[in-house]
Amino acid sequence: MHAVSIWPISISLYCIPAVIVQGNTINLKEYDRWYTPAYLWGKWIWRAPMPFGESGYVSDEMLKRFDEPVYGAYRYMEQQFAATPVGGTTDETKTT
């Protein structure tokens, strides 16, 4: 059991919006991340995103998609259009 695992409980009891990150500060690797209920209820994910290391906003982005379905649909459509080949559409016919 790590010492960092007790912090979400302690901070949650005081209703503090926080993100607890377990990671290595020397090489900036993130191993785990916990969100307090006040952080989720207050929609702090939209106010103050919490980047750390190379992972950046991966878990924050997933949380945003879950929190706001319209945002999730927008991001999904954005990814679908980004998959279209450059210089054309996917429904072009081949000429040989």
Quiz prompt | Tyr74: partners by ring pair (Phe, Tyr, Trp, His ring centres under 6.0 Å), with sequence neighbours left out | solution = none
Quiz item: Taking the side chain as C-beta and beyond, is there a heavy-atom pair between Tyr31 and Asn24 under 4.5 Å?
Solution: yes
Quiz item: Given the rule that I, L, V, M, F, W and Y join up when any side-chain heavy atoms are under 4.5 Å apart, are Val70 and Met77 in one cluster?
Solution: no
Quiz item: In Å and rounded to the nearest 0.5 Å, what is the CD1 to OH distance from Ile20 to Tyr35?
Solution: 10.5 Å
Self-check item: Atom pair CD (Gln22) and CZ (Arg33), whose distance is rounded to the nearest 0.5 Å
Solution: 12.5 Å
Practice problem: Quick one: list whatever passes side-chain contact (heavy atoms from CB on, under 4.5 Å) with Ala73, sequence neighbours left out. | Solution: none
Quiz prompt | Minimum side-chain heavy-atom gap Val19-Trp34 below 4.5 Å | solution = no
Quiz item: Between the main-chain N or O of Thr36 and the side-chain N or O of Ser12, is there a donor-acceptor pair closer than 3.5 Å?
Solution: no
Practice problem: For Asp32, check side chain to side chain donor-acceptor pair (under 3.5 Å) against everything at least two apart and list the hits. | Solution: none
